[in-house]
There are 2 protein chains.
Amino acid sequence: MPRPSRPKLSPQIIVDAALHMVDTAGDFTMPGLAERLNVRPSSLYNHVAGRAEIVELMRARVMDDIHVEGVGAEDGDWVETVAVLAREYRLSYSKHPRLIPLLTAHTVQTDVAFGMYNALATAFAAGGFAPAQVLHAITTLDSFVLGSALDLAAPQEVWANTPRANEPMRAALAAAGTAPHRADDAFEFGLGTLISGWQARSRAV
Amino acid sequence: MPRPSRPKLSPQIIVDAALHMVDTAGDFTMPGLAERLNVRPSSLYNHVAGRAEIVELMRARVMDDIHVEGVGAEDGDWVETVAVLAREYRLSYSKHPRLIPLLTAHTVQTDVAFGMYNALATAFAAGGFAPAQVLHAITTLDSFVLGSALDLAAPQEVWANTPRANEPMRAALAAAGTAPHRADDAFEFGLGTLISGWQARSRAV
DNA sequence: ACCTGAACACCGTTCAAGT
DNA sequence: ACCTGAACACCGTTCAAGT
């Protein structure tokens with residue numbers, strides 16, 4: 001069968017399949033992708049430039065998943081706006097935790113996330129931060145969310161049975177347990193810490 | 001020349017060369033490594049298990065570079081201790097920024113960094129945090145430092161000429177400029193934010 | 001326009017053969 | 001003990017050939 005009346009492939013279809021492979025296997029290859037789509041590897045190149053472009057399309061997919069509409073108008077609470085955006089940002093990552101390591105391979109800062117950056121800038125400016133501080137605050141949140149997302153992809157029993165922990169560390173590990181939402185709790189705690197810090201610095205101005 | 005009286009290779013030598021390749025080229029391959037060491041690729045396997053182990057050895061090299069001795073004894077200021085450790089932690093990453101993406105590929109939490117985790121646990125416990133919060137605080141710092149390190153590997157003109165920025169964002173970008181230490185400033189700002197937040201929560205207990 | 005088959009350069013790894 | 005050469009399976013990509 002040389003060519004069906006309707007194409008068997010599209011960027012859309014390819015990205016879906018690649019994302020599924022990453023979710024289940026932690027990575028993807030062009031031959032593996034082709035097999036999954038019942039196609040020869042060379043066929044993929046009729047729709048995407050190559051492997052790198054597929055990664056970028058997955059990045060865009062995740063970023064587009066972030067909802068910013070409506071959040072954080074002029075109606076006041078900049079702290080709440082930042083918190084909502086941060087959670088939304090991380091939530092979109094958490095849907096495909098194993099994708100994150102692939103995305104950090106190049107750190108190509110596409111402008112896909114600009115909707116969120118704009119919303120954050122508005123919120124921090126409303127909080128009274130100077131322009132230079134606004135960018136730093138956004139960068140801080142960005143670093144924290146990305147780092148937290150990497151934590152999601154880590155194996156569950158990260159710090160299990162560890163003989164080399166001292167007393168405070170051992171107590172901390174015992175208290176945290178291996179709760180399935182340990183990473184979630186840690187994220188909320190960290191976000192709370194950042195917000196407390198921003199509030200303190202906002203008042204200090 | 002089949003075999004010299006003294007070995008031409010060692011894990012030490014291999015890691016040095018790999019690190020140099022990553023620093024200059026952003027990545028390394030087994031053939032490239034071998035060529036640089038004037039050796040055939042298969043020779044490498046007499047000293048390391050494979051490519052993955054080389055990556056782990058580079059990770060260990062970076063982590064061992066962190067100095068924790070002496071810092072944060074019982075002598076009081078837990079905030080200062082945390083700040084020193086965070087800077088030390090990030091400094092060791094910043095010496096090989098292009099290595100970070102390779103390290104995040106697996107997020108293997110080796111216990112190489114346990115000296116620092118222990119020191120952090122002691123400091124946060126001294127700050128009055130409950131055991132469960134201690135682990136969350138450490139995780140927060142870990143995420144933030146790792147995310148910041150990735151920022152270091154990013155290209156310089158990250159947010160250059162961007163038409164889609166709104167007014168607050170544009171002002172922020174203009175204020176920050178493309179200072180060579182923009183990432184450094186952002187890190188210090190973020191660390192300050194976290195510390196303010198921890199202090200606020202410490203007092204609140 | 002889009003799928004295929006064959007080909008290429010490259011990679012990571014293994015292993016018997018050498019000294 | 002340690003380097004080599006040959007070999008293997010696999011990968012990403014190209015491109016002329018088909019319809």
Side-chain angles (χ1 to χ4, degrees), chain A residues 1-60 98-99 101-108, chain B residues 1-60 98-99 101-108:
Chain A
M1 74 179 82
R3 163 166 92 97
S5 48
R6 265 265 299 281
K8 309 169 69 173
L9 296 178
S10 73
Q12 158 93 285
I13 290 171
I14 291 172
V15 173
D16 284 343
L19 215 36
H20 185 268
M21 284 187 71
V22 169
D23 287 342
T24 58
D27 205 352
F28 79 100
T29 67
M30 301 300 273
L33 204 48
E35 185 180 21
R36 194 181 152 73
L37 294 167
N38 293 314
V39 136
R40 301 306 129 209
S42 52
S43 305
L44 299 168
Y45 294 82
N46 286 301
H47 303 270
V48 293
R51 199 194 125 93
E53 184 173 298
I54 297 178
V55 172
E56 290 314 309
L57 289 173
M58 289 193 286
R59 187 200 305 275
R98 308 183 77 176
L99 174 64
L102 299 195
L103 299 186
T104 63
H106 283 107
T107 325
V108 176
Chain B
M1 73 180 82
R3 161 167 93 94
S5 48
R6 266 266 299 282
K8 308 170 68 174
L9 296 179
S10 72
Q12 157 93 283
I13 291 171
I14 291 172
V15 173
D16 284 343
L19 213 37
H20 185 268
M21 283 187 72
V22 169
D23 287 342
T24 59
D27 205 352
F28 80 100
T29 67
M30 301 300 273
L33 204 47
E35 185 180 19
R36 194 180 152 73
L37 294 168
N38 292 314
V39 136
R40 301 306 130 211
S42 51
S43 306
L44 299 168
Y45 294 83
N46 285 301
H47 302 270
V48 293
R51 200 194 125 93
E53 183 173 298
I54 297 178
V55 172
E56 290 314 309
L57 289 173
M58 289 194 285
R59 187 199 306 274
R98 307 183 78 176
L99 174 64
L102 299 195
L103 298 187
T104 62
H106 283 108
T107 325
V108 176

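Numbers restart at 1 for each chain; the letters A, B, ... are given by sequence-line order, proteins then strands. These values consider heavy atoms only, across backbone and side chains, with no hydrogens, waters or symmetry-generated copies.
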Does a side-chain N or O from B/Ser43 land closer than 4.0 Å to OP1 or OP2 of D/dT4, or not?
yes

Taken to the nearest 0.5 Å, the spacing of A/Leu57 CG from A/Arg59 CZ works out to 10.5 Å

Separation of D/dC3 atom P from B/Lys8 atom NZ, nearest Å, is 7 Å

Restricting both atoms to N or O, compile the protein contacts to nucleotides 7-12 of chain D shorter than 3.5 Å, with distance only.
{"unit_1": "D/dG12", "atom_1": "OP2", "unit_2": "A/Met30", "atom_2": "N", "d": "2.6"}

CG on A/Leu99 to CE on A/Met58, rounded to 0.5 Å:
5.5 Å

Residues A/Pro31 and A/Pro41: closest non-hydrogen pair is CA-CG, 4.1 Å

To the nearest angstrom, how far is B/Glu35 atom CD from D/dC3 atom C1'?
17 Å

Heavy-atom distance under 4.5 Å between the side chains of B/Arg51 and B/Phe28, does that happen here?
yes

Rounded off to whole Å, could you give me the CG-to-P distance for the B/Asn46 and D/dG5 pair?
14 Å

To the nearest Å, how far apart are A/Asn38 CG and C/dT4 C1'?
14 Å

Expected list for residues 13-27 of chain B near DNA chain C, using heavy atoms below 4.0 Å, is none

For D/dA1 and B/His47 - does any side-chain N or O of the residue sit under 4.0 Å from the phosphate oxygens OP1/OP2?
no

Point-to-point distance, once rounded to the nearest 0.5 Å, from CG of B/Leu19 to CD1 of B/Ile14:
13.0 Å

Between A/Lys8 and A/Asn38, what is the shortest heavy-atom contact and its length?
NZ-O, 3.1 Å

Atom pair NE2/CG of A/His47 and A/Leu9 - distance to nearest 0.5 Å
4.5 Å

In terms of side-chain heavy atoms of B/Pro41, which of D/dT14, C/dT13, D/dT4 is nearest?
C/dT13

Interatomic distance, A/Leu37 atom CG to A/Ser10 atom OG [nearest 0.5 angstrom]:
9.5 Å

In this structure, how many angstroms lie between the P atom of C/dG18 and the CZ atom of B/Arg40, rounded?
18 Å

Are the side chains of A/Met21 and A/Leu33 in touch, meaning some heavy atoms are under 4.5 Å apart?
yes

Can you measure from CZ (A/Arg98) to CG (A/Leu103) and round to the nearest 0.5 angstrom?
14.0 Å

Secondary-structure stems, DNA chain C, at least 3 Watson-Crick or G-U base pairs under 3.5 Å:
C:4-8 with D:12-16, C:12-16 with D:4-8

Non-hydrogen atoms of B/Val48 and B/Glu53 that approach each other most closely:
CA-OE2, 3.6 Å

